[in-house]
Number of protein chains: 2
Amino acid sequence: MMAEKKNKPTEAELDILTILWEQGPSSVRIVNVKLNKMRSVGYTTTLKQLQIMHEKGLVSRVNDGRTHIYTAERGKEETQKQLLDRLLEAAFGGSASKLVMQVLGNHKSSRKELEEIKKLIQKLEEDHS
Amino acid sequence: MMAEKKNKPTEAELDILTILWEQGPSSVRIVNVKLNKMRSVGYTTTLKQLQIMHEKGLVSRVNDGRTHIYTAERGKEETQKQLLDRLLEAAFGGSASKLVMQVLGNHKSSRKELEEIKKLIQKLEEDHS
DNA sequence: TTGCTTCTACGACGTTTGTCGTATATATTT
DNA sequence: AAATATATACGACAAACGTCGTAGAAGCAA
């Protein structure tokens, strides 16, 4: 594998990435409007944020006339994994099961979701053999 | 319930909290020595860090002669829950099961750990009835 | 054409984070 | 007692974060 950039998105950046994942490639304007549905933030703030994210390589952009269209460079799952790994190490001493028990114990999940998890565990146990 | 302080520990603070959880009430010296086993950091840095954490209410302290003995004010589980909740909302849209599937899929767990998780799910499903 | 709107670029600024250095008081050692 | 070691307190500082304001180009509307 390659030496990868360990660009961990900040909180604010994560909000923007989430919008790009949902919305697909978007202009600053669009991102800003969506962003303002969760918290109040000026247009130039969002612009600057996206510019910095572009420098960091978190997003790419193409020109559409004079406006830029931004696209999330890293997939949702990849980013989730990165953040989760960090928390796992920092707060749970690397024990995935401790983390899982915590989150399952504290948050309601539907029966269907629990079934899915059980199924996954089943498969993992088979691989274990 | 009361309006609580939402003092989320930073990365560095979390390292120190982890040490206090493991070690129990400790002096700056002890924390610093343990801390240096994971990364290089000066004594006064650790001191300052603990002083700030004290201001924030993350740790309490008592005097033992002229040295201060610091104690984690918030329990391990409580802090883990706080950090986990934050990530759950920020990166997983609040879906606990998505988070669980991610972490289980990406990190090896022993058969015993998987059993424990299954047992927990069993109990959750019973409560569901 | 003259103005309003909508872009990007860029600089500035207050905060937070993490890091130390220095000053000063108190023990400990020689 | 003098020198050395160890504590706390406090100030400084660079880098990262998040926030905007302003400038200037490009497009649209009167």
Side-chain angles (χ1 to χ4, degrees), chain A residues 5-20 25-71 79 82-83 86-87 90-91, chain B residues 5-20 25-71 79 82-83 86-87 90-91:
Chain A
K5 301 192 179 174
K6 314 189 57 181
N7 282 335
K8 44 179 175 182
T10 66
E11 297 276 323
E13 288 171 346
L14 193 54
D15 287 341
I16 291 179
L17 282 179
T18 301
I19 289 172
L20 290 179
S26 312
S27 65
V28 176
R29 178 64 58 187
I30 292 182
V31 171
N32 182 247
V33 167
K34 296 284 175 190
L35 203 50
N36 270 280
K37 297 194 171 163
M38 43 173 95
R39 63 193 163 85
S40 178
V41 61
Y43 177 84
T44 51
T45 302
T46 304
L47 171 63
K48 181 78 172 208
Q49 205 84 100
L50 279 164
Q51 285 171 343
I52 290 171
M53 290 171 76
H54 182 236
E55 281 173 20
K56 289 192 188 174
L58 288 173
V59 298
S60 61
R61 70 184 186 191
V62 295
N63 285 50
D64 175 28
R66 66 187 172 124
T67 93
H68 290 158
I69 303 296
Y70 290 86
T71 307
T79 305
Q82 183 188 17
L83 294 172
R86 190 143 56 97
L87 182 61
Chain B
K5 300 190 181 176
K6 316 189 60 183
N7 282 336
K8 43 180 176 183
T10 66
E11 297 276 324
E13 287 171 347
L14 194 54
D15 286 341
I16 291 179
L17 283 178
T18 301
I19 289 172
L20 289 179
S26 313
S27 66
V28 176
R29 178 64 58 186
I30 292 182
V31 171
N32 182 247
V33 168
K34 297 283 175 189
L35 204 50
N36 269 279
K37 296 194 172 165
M38 45 172 94
R39 62 193 163 84
S40 176
V41 61
Y43 177 84
T44 51
T45 302
T46 304
L47 171 63
K48 181 78 173 211
Q49 205 80 221
L50 278 165
Q51 285 171 343
I52 290 173
M53 290 171 77
H54 182 234
E55 281 173 18
K56 289 191 189 175
L58 288 173
V59 298
S60 60
R61 71 184 185 190
V62 295
N63 285 48
D64 174 28
R66 68 186 171 124
T67 93
H68 290 157
I69 302 298
Y70 289 87
T71 307
T79 305
Q82 183 189 16
L83 294 171
R86 190 144 56 98
L87 182 61

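Every chain is numbered from 1 and lettered A, B, ... according to where its sequence line falls, protein lines coming before strand lines.
- Of the candidates dC17(D), dT19(D), dA9(C), the closest approach to any side-chain atom of Arg39(A) belongs to dT19(D).
- Set against dT17(C), dC20(C), dT22(D), the side chain of Thr45(B) has dC20(C) as its closest nucleotide.
- Distance CG (Leu50(B)) to C1' (dT8(D)): 12 Å, rounded to an integer number of Å.
- Side-chain atoms of His54(B) and His68(B), non-hydrogen and from C-beta on, never get closer than 4.5 Å to each other.
- Computed from coordinates, the Asn32(A) CG to dT19(D) C1' distance equals 12 Å when rounded to whole Å.
- Look at Tyr43(B) and you won't find any side-chain N or O under 4.0 angstrom from OP1 or OP2 of dG21(C).
- When heavy atoms are screened at a 4.0 angstrom cut-off, Thr67(B) is found touching the sugar-phosphate backbone but no base atom.
- Atom CG of Asn36(A) and atom C1' of dT19(D) are 13 Å apart (whole Å).
- Note on Arg29(B): every side-chain N or O is 4.0 Å or more away from OP1 and OP2 of dT6(D).
- Rounding to the nearest 0.5 Å places CG of Leu35(B) at 9.5 Å from OG1 of Thr45(B).
- Between Arg66(A) and Val41(A), the residue anchored nearer the 5' end of DNA chain D, judged by the nucleotide with its closest heavy atom, is Val41(A).
- With rounding to whole Å, Glu11(A) atom CD is found 14 Å from dA16(D) atom C1'.
- Considering only the side chain of Arg61(A), dA9(C) comes nearest among dA9(D), dA9(C), dT17(C).
- Close to dA9(D), at under 4.0 Å from its OP1 or OP2, lies a side-chain N or O of Gln51(B).
- In this structure, the CG atom of Leu47(A) is 14 Å from the P atom of dT19(D), given to the nearest Å.
- Counting heavy atoms from C-beta outward, Pro9(A) and Gln82(A) have side chains that approach closer than 4.5 Å.
- Candidate nucleotides dT19(C), dA9(C), dT19(D) were compared by shortest atom distance to the side chain of Gln49(A), and dT19(D) ranks first.
- Protein atom NZ of Lys8(A) is 11 Å distant from nucleotide atom C1' of dT17(C), rounded to whole Å.
- Here dT8(D) presents its P atom at 15 Å from CE of Met53(B), a figure rounded to the nearest Å.
- Without hydrogens or angle criteria, Asn32(A) side chain to Leu47(A) main chain gives no donor-acceptor distance under 3.5 Å.
- Comparing Lys48(A) and Gly65(A) against DNA chain D, the residue whose closest nucleotide sits nearer the 5' end is Lys48(A).
- As judged by a 4.0 angstrom heavy-atom cut-off over every strand, Glu13(A) is placed among residues making no nucleic acid contact.
- Counting to the nearest Å, the C1' atom of dC20(C) and the CD1 atom of Ile52(B) are 12 Å from each other.
- Side-chain atoms of Arg86(A) and Leu87(B), non-hydrogen and from C-beta on, never get closer than 4.5 Å to each other.
- In the set dT8(D), dC17(D), dT6(D), dC17(D) carries the atom at the smallest distance from any side-chain atom of Thr10(A).
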